[in-house]
Amino acid sequence: MSKLTTDVLILGSGVAGLTLAIKTARKLPDHKIMVLTKTDEGESNTRYAQGGVAAVWDLDKDNFEKHIADTLDAGDGLCKEDVVRIVVEEGPERVRELIGWGAHFDKEKNQDAYDLAREGGHSEHRILHFKDLTGWEIQRTLMEEAKKHPNIQVLEHYFALDFITQHHLGRMVIRVTPGIECYGCYALNKKNNAIDTILSRVTVCCTGGGGQVYKATTNPVIATGDGVAMTYRAKGRVENMEFMQFHPTSLYNPAGENPSFLVSEAVRGHGGILKSAEGEEFMQHYDERLSLAPRDIVARAIDSEMKKRGTDCMYLDCRHIGEKDFIEHFPTIHAKCLKIGVNPAKDMIPVVPACHYMCGGIMVDAMGRSSIQRLYAAGECSSTGLHGANRLASNSLLEALVFAHRIAQEIPEKINDWQLQNNVPDWNAEGTMEPKEMVLITQSMKELKEVMSYYVGIVRSNQRLKRALDRLYLLYQETEELYQTTSISPQLMELRNLITIAYLITRSAAHRRESRGLHFTTDYPEQLDFKEFSVL
Ligand code: FAD
Ligand code: SIN
């Protein structure tokens with residue numbers, strides 16, 4: 001057990017965490033910036049982003065008002081308009097900075113102009129991308145840029161367990177306690193299994209999403225909602241968790257794989273058309289924007305068609321695009337399809353919805369401040385109000401860039417107000433033993449994913465939600481017992497965190513007595529007139 005100290009502690013090394021680290025390191029060259037990441041530095045949701053980053057770029061055709069209107073429309077009445085305006089208007093400058101650090105985006109053939117793609121819900125072509133590997137390119141750029149700053153220290157294979165607050169100093173902290181403060185976190189050093197106390201003047205949570213709470217997800221296995229669960233345990237506010245976004249088109253692989261491979265929405269933006277196995281189009285029955293309607297509508301349409309027809313998947317027809325063109329734009333998707341025996345030039349691509357993005361999360365204001373003092377949040381773990389009830393495609397990377405910048409503006413102004421809290425006790429592991437049976441954890445994880453997939457998926461009902469809550473309670477009790485008696489492992493902590501995420505999704509879904517955006521319930525198929533966030 002060691003005690004480590006830093007000025008700024010950042011949890012996560014995806015687009016939000018690394019952008020923030022770079023910007024803060026520049027502004028505070030004499031201060032220490034520590035980045036914790038639970039596996040390798042390069043492993044994140046960011047790394048797998050395909051479609052790209054949305055930004056108003058071609059001013060001859062596009063403008064801020066159009067991007068704002070598209071975001072508000074996708075968000076189905078629940079976006080915070082001031083936040084939408086901030087992100088859309090500040091976004092292009094943040095993307096230019098990324099380009100300045102060396103990020104490559106595809107250009108039109110023989111021209112200087114960027115090749116702007118279009119995705120569902122966008123009225124214009126405004127997605128900057130690097131083939132179908134945009135996230136990989138962004139992650140690479142940020143990792144290289146971060147290495148140029150000697151005051152950034154990245155600790156890999158360090159698993160953050162809990163935020164440290166007054167609770168750890170022996171005071172009573174409940175959800176309505178005013179002035180809760182964060183003094184850093186406890187973290188498991190996976191290299192030596194020690195639980196270290198990391199004290200910081202300010203902490204920023206950039207731990208990404210929690211798609212692993214469902215059986216089928218495009219999110220890598222690190223996406224277990226840790227930061228959201230930690231914030232909730234620390235009695236911070238979490239909101240809008242019922243809005244889990246299902247991407248309409250993950251590749252249907254009968255062999256099953258975790259994560260599910262994404263077939264980017266950019267493929268539909270490039271002309272791909274959704275069809276049934278018989279080759280019939282069906283989107284005209286759901287939305288006039290057809291295959292390019294916002295994600296909630298397309299995912300529900302596919303789900304409904306699959307249920308009606310009793311099939312395991314629907315299809316994306318790209319045969320008319322031309323093999324050379326398809327390979328040029330989507331080399332990774334092409335290679336993956338061939339690997340499972342599908343040739344996009346000759347065969348329709350089998351697709352199925354999969355959990356993709358967490359629209360809700362740690363409640364933050366327009367500067368990224370959470371309800372806990374000295375704790376900020378950015379990226380997918382945060383709920384800024386940008387996405388409302390449904391995120392517009394490719395707005396996530398943009399949001400992370402904009403909020404990382406905003407937080408990096410504020411921290412230097414305030415850092416001298418915050419001092420290290422020195423009387424924090426070490427982690428107490430008394431009375432715990434090595435787990436004897438990993439099956440207790442792995443089987444509960446399977447059960448959890450089944451419960452969420454069957455009862456809290458794309459279509460919900462009161463009865464399904466009640467059943468889910470009952471099952472979750474049982475899993476919660478069993479897991480808490482394990483947690484009290486066995487020593488900490490990443491697997492146990494991820495299970496515990498995912499149970500919290502599942503509970504937050506299901507509770508928020510049960511509270512929302514209407515259908516809106518990504519939340520659809522057969523008991524309340526209509527929208528209510530008043531619009532509110534669900535805060536837990
Ligand atoms: P992440 O990139 O997920 O990073 C989270 C970091 O936190 C990781 O480093 C992880 O190790 C670390 N971490 C987590 N828990 C802990 C812990 N307990 N202790 C220590 N470290 C921890 N969005 C777009 O805008 N455009 C796209 O084209 C796009 N395509 C996508 C394609 C796929 C397949 C997926 C999965 C997502 C896509 N998204 C896209 C969404 C977008 O990629 C993510 O929302 C975004 O990258 C999240 O960035 P982040 O920095 O918040 O989190
Ligand atoms: C995709 O490429 O379809 C994903 C884009 C996103 O999640 O924003």
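Counting convention: from 1, in listed order, for ligands and their atoms alike. A quick note: this is a predicted structure, and the numbers were derived from the prediction, not measured.
Where the criterion is an N or O separation shorter than 3.5 Å, residue side chain and backbone included, C381 fails it with respect to ligand 1. Of the N or O atoms in K38, one or more lie within a sub-3.5 Å distance of an N or O in ligand 1. Any N or O atom pair closer than 3.5 Å counts here, and G51 shares at least one such pair with ligand 2. Looking at A49 next to ligand 1, no N or O pair under 3.5 Å apart turns up. For a threshold of 3.5 Å applied to N or O pairs, the pair formed by L398 and ligand 1 contains no separation below that value. In terms of polar-atom proximity, S396 is counted as a contact of ligand 1, with an N or O under 3.5 Å from an N or O of the ligand. The shortest N or O to N or O distance between R391 and ligand 2 is under 3.5 Å.
Within the structure, the closest approach of T37 to ligand 1 falls below 4.0 Å when heavy atoms are considered. Residue contact check for ligand 1: A400 places no non-hydrogen atom closer than 4.0 Å to it. Heavy-atom separations between H247 and ligand 2 include at least one value shorter than 4.0 Å. Within the structure, the closest approach of V15 to ligand 1 falls below 4.0 Å when heavy atoms are considered. Within the structure, the closest approach of S396 to ligand 2 does not fall below 4.0 Å when heavy atoms are considered. Distances shorter than 4.0 angstrom occur between a heavy atom of H356 and an atom of ligand 1. Distances shorter than 4.0 angstrom occur between a heavy atom of L262 and an atom of ligand 2.
Residue contacts with ligand 1, taken as heavy atom pairs separated by less than 4.0 Å, involve Y158 solely via the backbone atoms N, CA, C and O. The proximity of R391 to ligand 1, defined as any non-hydrogen pair under 4.0 Å, is limited to the side chain. Contacts between L262 and ligand 1, counted as non-hydrogen atom pairs separated by less than 4.0 Å, involve the side chain only. Only the backbone of C206 comes within 4.0 Å of ligand 1, judged by heavy-atom distances. Contact annotation: for Q50 versus ligand 1, heavy atoms closer than 4.0 Å belong to the backbone alone.
What sits closest to atom 25 (O) of ligand 1 on the protein, heavy atoms only, is L397 N, 2.9 Å. Considering only non-hydrogen protein atoms, atom 49 (O) of ligand 1 sits nearest to T46 OG1, 3.2 Å. Of all protein heavy atoms, the one closest to atom 18 (N) of ligand 1 is D226 OD2, 2.8 Å. The nearest heavy-atom contact from the protein to atom 51 (O) of ligand 1 is A16 N, 3.0 Å. Atom 2 (O) of ligand 2 has its closest protein heavy atom at S264 OG, 2.6 Å. Nearest non-hydrogen protein atom to atom 53 (O) of ligand 1 is G208 CA, 3.3 Å. When only non-hydrogen protein atoms are considered, atom 8 (C) of ligand 1 lies nearest to E43 O, 3.6 Å. In terms of protein heavy atoms, atom 34 (C) of ligand 1 is closest to Y48 O, 3.5 Å. Of all protein heavy atoms, the one lying nearest to atom 4 (C) of ligand 2 is R295 NH2, 3.4 Å. At the shortest separation from atom 44 (C) of ligand 1 among protein heavy atoms lies E380 OE1, 3.2 Å.
Among G52, G51, A354, the residue whose heavy atom lies nearest to atom 26 (N) of ligand 1 is G52. Comparing heavy-atom distances from atom 43 (O) of ligand 1 across D132, V35, N45 singles out N45 as nearest.
Counting only heavy atoms from C-beta outward, the side chains of N193 and L188 approach each other to under 4.5 Å. Looking at I372 and T203, their side chains never come closer than 4.5 Å, going by heavy atoms from C-beta outward.
The aromatic rings of F130 and H104 lie tilted to each other, with the angle between the two planes from 30° to 60°.
When only modelled atom types and interatomic distance are considered, E399 and H387 share a side-chain donor-acceptor pair under 3.5 Å. Side-chain contact annotation: H356 with T218, donor-acceptor N/O pair under 3.5 Å present. Using a 3.5 Å distance cut-off with no hydrogens or angles, the side chains of H67 and N395 do pair a donor with an acceptor. Of the N and O atoms on the side chains of Q212 and K449, at least one donor lies less than 3.5 Å from an acceptor on the other residue. Residues N497 and T224 bring no donor and acceptor atom of their side chains to less than 3.5 Å of each other. Of the N and O atoms on the side chains of Q245 and N390, at least one donor lies less than 3.5 Å from an acceptor on the other residue. For the 3.5 Å distance criterion, the side chains of T165 and K235 fail to qualify, holding no donor opposite an acceptor. Side chains of Q50 and T332: no donor on one and acceptor on the other come within 3.5 Å. For the residue pair H125 and D62, no side-chain donor N or O sits within less than 3.5 Å of a side-chain acceptor on the partner. Between the side chains of H270 and D325, a donor-acceptor pair is found at a separation under 3.5 Å.
Partner of K147 under the side-chain contact (heavy atoms from CB on, under 4.5 Å) criterion, out of H149, M143, E145: M143 alone. Among the candidates H405, R406, R85, the single residue satisfying the side-chain hydrogen bond (donor to acceptor under 3.5 Å, both in side chains) test with E90 is R406. With K38 as reference, E494 is the one residue of E494, E156, E43 to meet the salt bridge (charged side-chain N to carboxylate O under 4.0 Å, His left out) rule. With respect to D196, the side-chain hydrogen bond (donor to acceptor under 3.5 Å, both in side chains) criterion is satisfied by exactly one of W427, Y158, Y186: Y158.
Residue contact check: E265 has heavy atoms under 4.0 Å from atoms 1 (C), 2 (O), 3 (O) of ligand 2. Taking every non-hydrogen atom of G379 and a distance limit under 4.0 Å, the qualifying atoms of ligand 1 come out as 52 (O). Set against the non-hydrogen atoms of H356, the atoms of ligand 2 under 4.0 Å away are 4 (C), 6 (C), 7 (O). Interface atoms of ligand 1 facing F159, defined by a heavy-atom separation under 4.0 Å, are 18 (N), 19 (N). Every atom of ligand 2 with a heavy atom of S394 under 4.0 Å away is listed here by number and element: 6 (C), 8 (O). Close contacts between ligand 1 and Y357 involve ligand atoms 45 (O) [criterion: under 4.0 Å to a heavy atom]. For ligand 2, the atoms sitting less than 4.0 Å from at least one non-hydrogen atom of A393 are 8 (O), numbered in the order shown with element in parentheses.
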When you look at D132 and K336, which way does the salt bridge (charged side-chain N to carboxylate O under 4.0 Å, His left out) test go after all the steps? CA-CA 12 Å; D132 53 3; K336 176 71 187 185; over 6 Å; no

Verdict with supporting geometry, E137 and T141, side chain to side chain contact (heavy atoms under 4.5 Å, CB included): CA-CA 6 Å; E137 175 62 6; T141 304; 3.9 Å; yes

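Of all non-hydrogen atoms in A404 and A16, the two that sit nearest each other are CB-O, 3.7 Å. Of all heavy-atom pairs between D365 and R369, the closest is OD2-NH1, 2.8 Å.
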